[in-house]
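For clarity, every value in this text was computed on a predicted model and none was experimentally measured. Note that ligands are numbered from 1 as they come in the structure, with each ligand's atoms numbered from 1 the same way.
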Amino acid sequence: MAEAKYVLPLIRRPRRNRKSAAVRAMLSETTLTVKDLVYPVFIMEGENKEEVIPSMPGITRKTVDRLLVELEEVVALGIPAIAPFPAIADSKKDKKATASYDPNGLVQHCVREVKKAFPDLVIMTDVALDPFNSDGHDGIVSETGEILNDETVEVLCRMAVSHAEAGADFVCPSDMMDGRIGAIREALDDAGYESVSIMAYSAKYASAFYGPFRDALASAPKEGDKKTYQMDPANSKEAMVEVQLDIEEGADVVMVKPASAYLDVVYRTAQTFEIPVSTYHVSGEYSMIMAAALNGWIDKDAVMMESLLSFKRAGASFIWTYFAKDAARILQKK
Ligand code: PBG
């Protein structure tokens with residue numbers, strides 16, 4: 001019989017470092033704070049309207065006036081940033097997503113109103129064609145069904161400049177076209193918006209976890225999938241290439257998306273590059289936690305806080321999450 005290597009009394013007893021709440025708090029390696037949270041919101045045209053999103057319990061789509069009311073609470077909770085996503089009427093969609101850069105469009109209007117009411121709240125706008133595109137893709141679709149990269153980038157540049165004009169703090173290209181970060185940086189600078197930041201969705205995977213979001217905006221692709229531009233979930237090295245290019249092209253912050261199933265990519269990005277990394281706790285991740293919680297199968301608050309903390313531990317500088325208000329309320333009590 002092999003001799004036991006560690007005989008009593010033990011020299012190393014890691015449990016000593018967990019012996020009380022106070023000791024655990026002192027030795028905690030990761031902290032989640034309200035300043036780590038970005039709150040994505042769904043907006044729509046009109047006044048004084050609000051609609052439930054069946055696949056996202058607790059989240060609604062609302063008109064900008066209603067959003068302003070909700071933001072009183074968001075600001076009071078100390079959440080530093082919001083990200084508006086627009087639901088656009090089918091009648092305003094076309095094959096070139098021209099409504100995306102309308103200076104009086106829904107997003108541009110929303111940014112102006114929010115900035116007027118809450119000048120210190122950071123606004124991070126989504127730059128991608130899907131909500132405005134009659135084909136439902138993030139890029140322009142050719143006659144033969146191809147996603148046209150460079151033609152799309154031109155539209156993205158106009159969209160980004162229109163968001164900057166309205167007062168956005170960050171423009172956030174989520175489309176995954178090649179070369180869009182450099183082109184958008186140049187367009188912003190040419191228009192005099194050197195101080196508008198770019199948060200690049202650099203490693204955005206072709207993920208089934210976006211399902212409820214596409215319900216919320218009725219923005220699912222009409223044909224095919226997004227696999228020629230969003231990344232293969234099998235790949236991690238490829239994410240490093242995407243991040244590297246976006247940094248070279250001028251991204252201020254990069255993102256890995258979704259979060260839970262891609263923690264290794266968040267970690268690898270944070271270890272490899274000296275740039276802030278954010279991660280998006282996407283709609284499907286939100287809905288899964290909510291569904292299980294509503295069935296009484298898990299403790300929602302505990303699972304939510306554990307998930308958010310794990311993103312910080314992996315190396316995220318900040319987190320986009322539909323749970324922002326719920327998490328902020330819990331953090332406020334601590
Ligand atoms: C659109 C966009 C998507 C999300 C953010 N921006 C959907 C998609 O790429 O199909 C997903 C967010 C979520 O699921 O919460 N470019």
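Heavy atoms of V282 found under 4.0 angstrom from ligand 1 belong to the backbone as well as the side chain. Under 4.0 Å from ligand 1, the heavy atoms of D126 that appear belong solely to its side chain. Contacts with ligand 1 closer than 4.0 Å are made by heavy atoms of both the backbone and the side chain of S174.
Using a 4.0 Å cut-off to heavy atoms of R214, the atoms of ligand 1 that qualify are 8 (C), 10 (O). Near A128, the atoms of ligand 1 lying under 4.0 angstrom from a non-hydrogen atom of the residue are 16 (N). Taking every non-hydrogen atom of Y280 and a distance limit under 4.0 Å, the qualifying atoms of ligand 1 come out as 12 (C), 15 (O). Interface atoms of ligand 1 facing Y322, defined by a heavy-atom separation under 4.0 Å, are 12 (C), 13 (C), 15 (O).
Y286 has its ring centre no less than 6.0 Å from the ring centre of H281.
Geometrically, ligand 1 and Y201 share no nitrogen or oxygen pair separated by less than 3.5 Å.
In this structure, the side-chain hydrogen bond (donor to acceptor under 3.5 Å, both in side chains) partners of T125, at least two apart in sequence or on a different chain, are H163.
The protein non-hydrogen atom at the shortest distance from atom 1 (C) of ligand 1 is D130 OD2, 2.8 Å. Atom 11 (C) of ligand 1 has its closest protein heavy atom at K257 NZ, 2.9 Å. At the top of the distance list for atom 14 (O) of ligand 1, counting protein heavy atoms only, stands S283 OG, 2.7 Å. Among protein heavy atoms, the minimum distance from atom 3 (C) of ligand 1 is reached at F213 CE2, 3.3 Å. Among all non-hydrogen protein atoms, the one lying nearest atom 8 (C) of ligand 1 is K226 NZ, 3.3 Å. Among protein heavy atoms, the minimum distance from atom 2 (C) of ligand 1 is reached at K204 NZ, 3.3 Å.
The aromatic rings of Y322 and Y280 sit tilted relative to each other, their planes meeting at an angle between 30° and 60°.
Using 4.0 Å as the threshold, H281 has no heavy atom nearer than that to any atom of ligand 1. In this structure, D175 has no heavy atom closer than 4.0 Å to ligand 1.
Cation-pi geometry between K312 and F318 is not satisfied (NZ or CZ under 6.0 Å from the ring centre, within 45° of the ring normal). With F42 as the aromatic partner, R61 does not meet the cation-pi criteria of under 6.0 angstrom to the ring centre and within 45 degrees of the ring axis.
With K226 as the partner, the salt bridge (charged side-chain N to carboxylate O under 4.0 Å, His left out) test is satisfied by one option alone out of D135, D232, D138: D138.
Ionic pairing of R66 and E47 is not present here: no N-O contact between side-chain nitrogen and carboxylate oxygen is shorter than 4.0 angstrom. Using a 4.0 Å cut-off between a side-chain N of Lys or Arg and a carboxylate O of Asp or Glu, R329 and E73 qualify as a salt bridge. A salt bridge does not link K92 with D102: none of the charged nitrogens is closer than 4.0 Å to a carboxylate oxygen.
Residues S278 and V253 share a closest heavy-atom pair of N-CG1, 4.2 Å.
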